[in-house]
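The chains referred to below are lettered A, B, ... by the order of the sequence lines, with proteins before strands, and numbering in each begins at 1. What you see below is based on every heavy atom in this structure, not just the backbone, and it leaves out hydrogens, waters and symmetry mates. The structure presented is a predicted model; accordingly, all values stated were derived computationally and were not measured.
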Amino acid sequence: MNAHQHAGAAARLEVHVEQKSFSSATGERIDVLRDLHFDVPENRFACIFGPSGCGKTTILRILMGLDGDYGGSVRLPNWPDPRVGAVFQEPTLLPWRSVEQNIRLALPGHRKDANLDLLLEILGLDHLRSFYPGELSLGLARRVAIARALAIEPDVLLLDEPFVSLDQALAQQLRNLLLSVWSERPTTALMVTHDLDEAIMLSDRIIVLSPRPAKVVGVFDITVPRRERDEKARDDLRRSFRKQFLAPEPGS
Amino acid sequence: MMAEEKPLGRPLGRSMGEQAAAPIWMVLLSFAALLVAWQLGATLWPTRSFPPPLLVWQTFLGEMASGDLPYHLAITLWRVAASFLLAMIIGAAIGIFLGMHRRADQFFNPWLILFLNIPALVIIVLAYIWFGLNEAAAIGAVALNKIPNVAVTMREGARALDPRYAEMASVYRFGGFDRFRHILMPQLQPYIAAASRSGISLIWKIVLVVELMGRSNGVGFQINLFFQLFDVAAILAYTLAFVAVMLSIELMVVQPLERTSTRWRRRAA
Ligand SMILES: Nc1ncnc2c1ncn2[C@@H]1O[C@H](COP(=O)(O)OP(=O)(O)OP(=O)(O)O)[C@@H](O)[C@H]1O
Ligand SMILES: [Mg+2]
């Protein structure tokens, strides 16, 4: 059980979870994941797309090594020593450390003194280095969390709905920022979302999950290069996605 | 670019025990009134067992000049410091352990309640009987009186630890020292401050009893000596000097320390 698989050398991310369940306070067993298998090719950006409460966060927690109580195996890029850049559902910054300290603390030993100027500038955080997280808006705190995940030059990037509960314009702006930093140095990335437009804008692959217990309903690969995904291309993608996995869009 | 972002609510409340302080002239006036009342009482009821302030002051100067008071005061302060440190370290270790291990907590909780309720005097007597009339027994007995209190406060702190920070630290592979310094300590800081405050004020009272019963120096020993000589002026001189020193430590060390380490909380508007 829960053995991480050691064979193979590819820098891809593989998930094989036979089953994962929680027991509730009353002792009831809740099956959350069941026969869940998918992978993300090296340096590709994938989205997990599924209904609320289906077990998306649980998958990321397993990949982050925070939950070892499951049946199956997972494999992260650069196994057995993957460096994980994580963006949690909430920013999870240390309130008692400044923005810059929060980022630096996450850096691995040999990069503790790394130059963060470029990253902070792209993300529009350079004038906020010495601020405390309590002095930031949610959008800015999210940006710092993203900066922290990218600053460590991760082997794999795991993001749990990083743009949820932001207004659309701001979320869109942050998605663009994430894309521009990620494109500078692509890594294998897996992001949880329940926003289809977001998934279509960002991903090379969308992994569609069923309601709980979650298994993979299908995989939707997008081959159109990101910079060619204009309004019309996205419409087409959305339509073919819906045709494959969901009821047709009302009015179309 | 930032205009559309809404400010985030403050995640944590204010530190405990914050209160508007009285203006300094009020404090001085209050002490002056006490002095006048004391002088009045001593004049109306002249007796050797209730000396006027001036006599106490003269005794104080005499004891200072002879070097007795500074010597005994220093010994007592050292005992306060040693037992305080000991009680904080051991109490915090026990409290944090219990706060993190529910089973152990359930098992040891009755012990904690028992120790909380053993009178200080009993612990002191037993310590002297079992370990002899020595410095280690004295300091250990004082610390032992305080450890259960510290443990209870720190257990509360450990229970309130936010697991999300520990998880973040584990994903980003913080080292042991970084976890201690940047994850654990800042979360426990208000509890450490609370335990220290009540710790200091309890300890400096118990130390005098320990000295009175089994040491041949220190403020407690001196007070016992003057008790036998019926020298109330000297007793008051020692007591007031000791209280003054403890209060200035509280005012000049403990409180500023508390203020600096909660700076990140106050800065937000
Ligand atoms: N520690 C736990 N103990 C018991 N049940 C849990 C625990 N963590 C999650 N669950 C249950 O597992 C299911 C999946 O949770 P999870 O957080 O992975 O969902 P999610 O897809 O991320 O949901 P959302 O879209 O709301 O973020 C939920 O029904 C939840 O109630
Ligand atoms: Mg979730």
Side-chain angles (χ1 to χ4, degrees), chain A residues 60-61 63-67 81-98 101-109 112 124-125 127-128 130-143 145 148-149 151-152 154 158 165-171 173-174 177, chain B residues 1-16 18 100 102-103 157-158 160-194 257-269:
Chain A
L60 283 203
R61 287 178 57 83
L63 287 170
M64 288 171 191
L66 296 175
D67 193 337
D81 190 31
R83 202 176 317 142
V84 178
V87 178
F88 304 91
Q89 207 157 345
E90 287 138 67
T92 323
L93 304 172
L94 302 176
W96 41 84
R97 294 290 177 263
S98 70
Q101 286 170 322
N102 261 288
I103 298 172
R104 273 198 198 285
L105 276 170
L107 295 177
K112 277 279 186 250
L125 293 169
H127 59 296
L128 297 173
S130 59
F131 279 57
Y132 286 95
E135 299 166 306
L136 305 179
S137 64
L138 179 58
L140 287 170
R142 286 253 161 88
R143 253 187 249 191
R148 175 174 63 186
I152 67 167
L158 302 174
S165 70
L166 298 176
D167 63 64
Q168 264 314 313
L170 178 62
Q173 182 199 350
L174 288 192
L177 285 176
Chain B
M1 166 193 210
M2 286 157 55
E4 70 271 52
E5 303 181 18
K6 296 172 195 74
L8 200 63
R10 303 249 17 85
L12 284 160
R14 288 280 154 106
S15 73
M16 26 192 124
E18 261 177 78
M100 289 179 167
R102 222 169 58 86
R103 268 299 156 84
L161 289 175
D162 189 334
R164 287 173 306 174
Y165 297 130
E167 289 179 351
M168 186 278 290
S170 109
V171 173
Y172 283 104
R173 303 200 203 157
F174 281 33
F177 179 69
D178 275 355
R179 276 178 212 229
F180 177 78
R181 190 163 152 224
H182 302 292
I183 308 283
L184 195 61
M185 287 314 271
Q187 292 185 78
L188 292 178
Q189 192 275 333
Y191 297 88
I192 295 174
L257 214 64
E258 228 169 289
R259 229 166 288 140
T260 50
S261 42
T262 55
R263 200 195 38 190
W264 58 270
R265 256 177 231 166
R266 288 155 198 265
R267 272 185 52 170

### Query
What residues form a side chain to side chain donor-acceptor pair (under 3.5 Å) with A/Ser98, not counting sequence neighbours?
A/Gln101
### Query
Under the side-chain contact (heavy atoms from CB on, under 4.5 Å) test, which residues partner B/Gln187, sequence neighbours left out?
A/Trp96, B/Leu161, B/Asp162, B/Tyr165, B/Ile183
### Query
Which one of A/Leu93, A/Ile152, A/Leu66 has the most heavy-atom pairs closer than 4.5 Å to chain B?
A/Leu66
### Task
Examine whether an atom of A/Leu166 lies under 4.5 Å from a heavy atom of chain B, and if so say whether it belongs to the side chain, the backbone or both; otherwise answer neither.
neither
### Message
Only heavy atoms, only distances under 4.5 angstrom. Which residues in residues 173-180 of chain B are near chain A?
### Response
B/Arg173, B/Phe174, B/Asp178
### Query
Quick check: does any side chain N or O of B/Tyr172 sit under 3.5 Å from a backbone N or O of A/Ile103, one acting as donor and the other as acceptor?
no
### Inter-residue atom distance A/Leu105.CG - B/His182.NE2, 0.5 Å rounding
4.5 Å
### Query
So which heavy atom on A/Met64 is nearest to which on B/Val171, and how close?
CB-CG2, 3.8 Å
### Message
If we define contacts as heavy-atom pairs under 4.5 Å, which of A/Leu94, A/Val84, A/Leu158 has the most with chain B?
### Response
A/Leu94
#### Entry: Contacting moiety of A/Arg148, where chain B heavy atoms sit under 4.5 Å
both
### Task
Would you please name every residue forming a side chain to side chain donor-acceptor pair (under 3.5 Å) with A/Gln168, sequence neighbours left out?
none
